[in-house]
Structures are given as C-alpha cells and as structure tokens.
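Report on the structure given below.
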Amino acid sequence: MKKYISTVLFSLINYCVFAQYQQLVIPDTLSGTQFNLVLKDTFKQLKSGNQTITGGINNHSFWGPTLIMKKGDLVQINVINKLNDSTTLHWHGMHLPAVMDGGPHQVIPMGGTWKPYWKVTNQASTLWYHPHLHMMTMEHLSKGLGGLIIIRDSIESLLELPRTYGIDDIPLVLTSRRYSTTNQFIVQNVAYGDYMLTNGTPNAETDLPKQFVRLRILNAEIERGYNLGFSDNRTFYIIANDGGLLNAPVAVTRLKLMVGERVEILVNLTNDAVGTALDLKSYNSGQPFGYPGGEPNTTGAFGSLLNNTDFNVLHINVVKSTANPITSLPQKLENNVYFKSADAKVNRSVAITNGNPGGKPFDFDNVSFQLNTINKTVMLDDIEKWTVTNNNIFGHTFHIHDVEFKIVARNGVESAVGDFESGWKDVMYVPRNESVTFVTKFSDYADELHPFMYHCHFSNHEDGGMMGQFVVKGNRADVNRKSYISAKPTLFPNPVKDKLNIQFGNSDVKVYYITILDLAGRTKLMLPQPNLQHGLDVSQLQPGVYTVQITDELTKYIHLVKFIKQ
Ligand code: C2O
Ligand code: CU
C-alpha cells in the first residue's frame, strides 16, 4: 500500500513537473518610425489561484512590445505614463542625446507623455527599454515593465541568418519572481526569484523548426546570472553580443549571461528529428563563490529555489522546417573594427566599493549616487579606457549609457578576454577580486547639463546607490553658440486646437526642453529638444489653460507662457 501511494505520488509529481508547460509568449512587434508606448498597471494569471498584479505596456499584461527599428531612421516615441506612479523609460544600449536617454532625470509623472526622438545610429543589434527611476528601478522592472528593441541594418539584412520573428528568430527575456501566498510578486529584499519567467511565461515551451534557429536572449533579472546551455550539451554559436554582430560566430556549449546583457545565438536543429524535444537550461550549480545566484540558501534575501541548481529556461519541441530554412552557419558576420588599448587618450578607473559607513551595501569610489552630483566629465569625441576594479566580496555587473565598448583586458591581461564577449558590449561582468578594462568613444552628443549613467545593473544595487553619472562636454562649436531667447516667446494661435506655434524675438535660438503643465501644475507633455518647425501637437490635451515652460538651450533659462486649449 505504501509503495502504491508513493508510486501515485511520484507520477503525480512527474505529471506536475513535466506536463505543465505553457506556450511561450512572443511579444508583439511595433515597427516604423513612430512608436506609442502606454505604461500601465495590470494583472496576469501566472500561478493557479489569484492573479498577480503586474505592469505591462500597450496590450501586454507583463513586459511590452518589441520595437523594430532601422539604422538611419529618425524615430519618435510617445511614452504615455498611465501607471499610478512616476517612472522613466530608458533605451538601454542606444546611442542618443542624454536628454532623450530616459535615465533618472527624465521623470514622467503620472498622466504625462514624454516625446523623445533620435536618429538610430546603432548597428543591427538587440537592445531593450526599461524604467530607470532612481530607487524605483527594481520595483518597476519587477512588475514586468520593459521591452526589447531589434535594430536592423543593411549588413545584417544581407546575411543568411534566421530573421523571421517568432518563427526562427525568437526573443527570450529571462527573469524570475518570488510570490507571496496570495500570488503577488515579492520585491522587497528579494535578489532572486523562485520561479522562472521566460517572456513572462512560467514553465515555457515552444515549437522550433528543424533548421538553424536564432535566439535573442536578454537577462532581465534583478541579480541572477545565467549559465546557459542545452540539455544534450550540444554546441551552439554566439553571433552577437550586446551591441551587435561579432565578426564571426563563436562556438560554445555553455554561456554566461549576466543581468542586462544580451546575446544572439544560433542553434542547429537540422539534425533533430521532428517530434523530439530538448531544453535550454541554466547550469547554475557549482559556481564559484561570488557568482550571483550561486548562493546555497533556498529562502531569504539572497536565497532562492533556483539558486545553485540547474533549471529549465525553455522546453523546445522540434517541428518540421519552414519554407526557406537556414541550414548552415555563416562563417563571416560583421567587419567590426574594435578599439584597442593604445587608442585611448584618457585612462580612468572606477572602484567597486563597500558602501560608506551606515550607507547602502555597494557604491563606486566610496560615493553613493546623488542625483545632483556629476561624477565624471568626458570630452566629446575622446577615446577613453576605463578599468573597473572589484575588490568586493561579490560579483557585480557594470553598465554604461551612451556608448558600446570593447573589453580589452581582464585583470590587465588582454588574452583573458573571452571569445564569447569579444563583440561590442554595454554591460560586463566583474567577478569578485577582478578587474575589467574597456575602451570606448564618446561621440556625437554633448550636453553639459544632462548626464548619462553608469551603474551596476543589479537593480537592487543600482537603486541602493551603486551608480554614477557623467556629462559629455562639447567642443568649441557648441560653446560658441551665442544666440539665446532674449525675450518672452509668444504662442499662436491662442486659443489653439491642435498645432501650437512658438515665436521668438530672435531667429537662431535653440530650445532645450519644453514642458506643458496644466493649471494644477501637473506635467502633461515633455518635449526634449523639440523640433518647432511645424508647431507643437497639443491635440491630445483636454480643453483648458496650460503653461508652457520653454528652456533655452544656451542659458538654460526657463520662460513661462500660457495658452488656452480649445
Ligand atoms: Cu539598462 Cu542604466 O540601464
Ligand atoms: Cu552590483
């Protein structure tokens, strides 16, 4: 009898473990040059029982649409904040003006619309967007707010690579959550979730065709690193790092992907029989001390059911191939010319330090992040070499905005840089008691007022002050601009229905920022460096009286003018 019960129990457990796969969610795509993103509080059925309160974008109840952009396009985004909270939206990995970057200074209040725009200059790559409000990033990211960005360009398009989104080119956003007894996400003091979510899908499975398949993988965790591989230990091929294609594929059987990092891999399914299955897994057991997610505990702030174990990321069912399958591995990809150590004319070092006494656990150079402190000033067009040293007890990541960089050394040794990280990067892993050196160039966008961030991408560390900011200082041409808004601008027509024009006393002024507030002082529209040629579109505003704050580019003086919206 006892044996019978345990057999039944065992098969029940088996049933639960093996038969509860859910179809992997593939986020919708938006493409073109105009994107509308509505951030909202919502809910989703993630576990049996209660639904979970989540954050989503547009029609998504967790995460958001994948934005497909083309290199060379001028893209314009309407970020509409319908959350019951302020937030920001940052374009991780994108090279753009600081004022469009969506860092902690670009706060979008509840009910506000932020309208950044920029010319896409990044090469074909997988980037992402996510909230970045200081001390709230972990909470907003944990809700599920974020999305992928796929950039296409003429080089990548000509390669024989899988690129049919959702069919042979699959986005995979990896994260995990801990749930309360009522199925709500626990965010406070939780570095690691207990249950895997792949594109917001618990126990995800998907069909993949019997051919070469491309996986675009983002580690969107709070803190956990992934050590990815397949259940049969097959070789797979890295074709891209954070910033785009490598020069040639790199063959591996395991791949570490730390928080914020992206990788594109090709998996050869041509030799798999239709009807067979395999698993993409994270082999996190037996990692060295200091590896995020290797801790032994199963509970508590730094414990998790997934810690120090090997667990499933995606169950893959092999199905028949598509009409025009990719059946071979390209030998050559890009022609990246990388920076070398010797290219740098400025050397900097950043130390990962234990938080100052009584402060937060970690910081940089013994200084905790302050919104009003600029930690570094970089000169436009300078090539710089940064060495990040971690004398801490734990591994961390390091991410910098504005640029993609080339890792040139680990612990001072050039040959210690892994092939798997040989491409353009914007996040790197810095294990305990090690240093990493990268070289990058700060081109195109100078702005002495608005900073870019660098930080640990563990959002609990970042929120806790492990972040700094730098401004890029312009050259003479910029400094020489002499014309500023000399008198109060006028608005016409006033009252206005949809297009509001702004007239200045002098002609060659530049506007740095426009904010439109209602009579209660609530920010309704935020327009960084607006293009005023065709007037401002105010059609979405409710009828009423509004104040326009116009910030002059040169002096940063703010002019206030009122108008009536009909
Ligand atoms: Cu992914 Cu400062 O950000
Ligand atoms: Cu950290």
Side-chain angles (χ1 to χ4, degrees), residues 63-64 87-96 98 100-107 122 125-138 140-142 145-149 173-175 191-192 218-225 242-243 257-262 290-295 301-302 350-355 359-365 368-369 371 375 388-405 425-434 436 450-470:
W63 203 241
T87 194
T88 83
L89 208 58
H90 165 58
W91 320 103
H92 179 128
M94 196 73 76
H95 180 51
L96 38 51
M100 311 290 179
D101 190 45
H105 296 270
Q106 292 284 310
V107 182
N122 289 65
S125 50
T126 307
L127 311 183
W128 62 304
Y129 57 94
H130 62 79
H132 213 309
L133 185 64
H134 186 45
M135 304 208 292
M136 294 298 288
T137 298
M138 179 172 173
H140 290 177
L141 206 54
S142 294
L145 295 170
L148 290 174
I149 303 174
V173 178
L174 312 187
T175 191
Y192 308 112
L218 160 69
N219 181 335
E221 279 281 6
I222 303 306
E223 192 166 330
R224 173 179 289 108
D242 305 333
L257 190 72
M258 308 316 258
V259 178
E261 288 184 310
R262 287 87 63 210
Y291 176 89
E295 295 92 326
F302 303 106
V350 177
I352 295 172
T353 39
N354 284 310
K360 296 295 169 67
F362 307 111
D363 50 27
F364 291 120
D365 301 316
S368 192
F369 179 73
L371 261 177
N375 305 87
V388 181
T389 303
N390 181 7
N391 287 325
N392 217 276
I393 52 160
F394 201 71
H396 294 271
T397 56
F398 186 88
H399 168 54
I400 184 167
H401 292 205
D402 181 31
V403 295
E404 294 291 329
F405 55 74
K425 297 280 297 163
D426 55 52
V427 185
M428 59 185 192
Y429 181 48
V430 194
R432 69 189 289 254
N433 295 326
E434 294 197 19
V436 193
H450 213 102
F452 289 110
M453 305 293 130
Y454 57 90
H455 55 91
C456 177
H457 217 291
F458 301 169
S459 48
N460 47 352
H461 293 185
E462 169 192 340
D463 282 344
M466 194 176 178
M467 179 154 69
Q469 46 192 353
F470 66 98

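Each ligand, and each atom within it, is numbered from 1 in the order the structure gives.
With atom 2 (Cu) of ligand 1 at the apex, His401 NE2 and His132 NE2 define an angle of roughly 100° (rounded to 10 degrees). Angle NE2(His130) to atom 1 (Cu) of ligand 1 to NE2(His457), rounded to 10°: 110°.
Residue His92 approaches atom 1 (Cu) of ligand 1 most closely through its N/O/S atom ND1. The N, O or S atom of His461 lying closest to the Cu ion (ligand 2) is ND1. Looking at His396 and the Cu ion (ligand 2) together, the shortest N, O or S contact belongs to ND1.
Note on ring orientation: taking the six-membered ring where Trp is involved, the planes of His401 and His132 are perpendicular (angle over 60°, cut-offs 30° and 60°). Aromatic ring orientation, His457 versus His130: perpendicular (interplanar angle above 60°, classes split at 30° and 60°). The aromatic rings of His396 and Phe362 stand perpendicular to each other, their planes meeting at an angle above 60°, with 30° marking the opposite boundary.
For the pair Phe470 and Ile400, the minimum side-chain heavy-atom distance is below 4.5 Å. For the pair Phe458 and Thr397, the minimum side-chain heavy-atom distance is below 4.5 Å. The shortest side-chain heavy-atom distance between Asn122 and Met94 falls under the 4.5 Å cut-off.
Among the atoms of Cys456, an N, O or S atom falls under 2.8 Å from the Cu ion (ligand 2). Taking backbone and side-chain atoms together, His399 has no N/O/S atom less than 2.8 Å away from atom 2 (Cu) of ligand 1.
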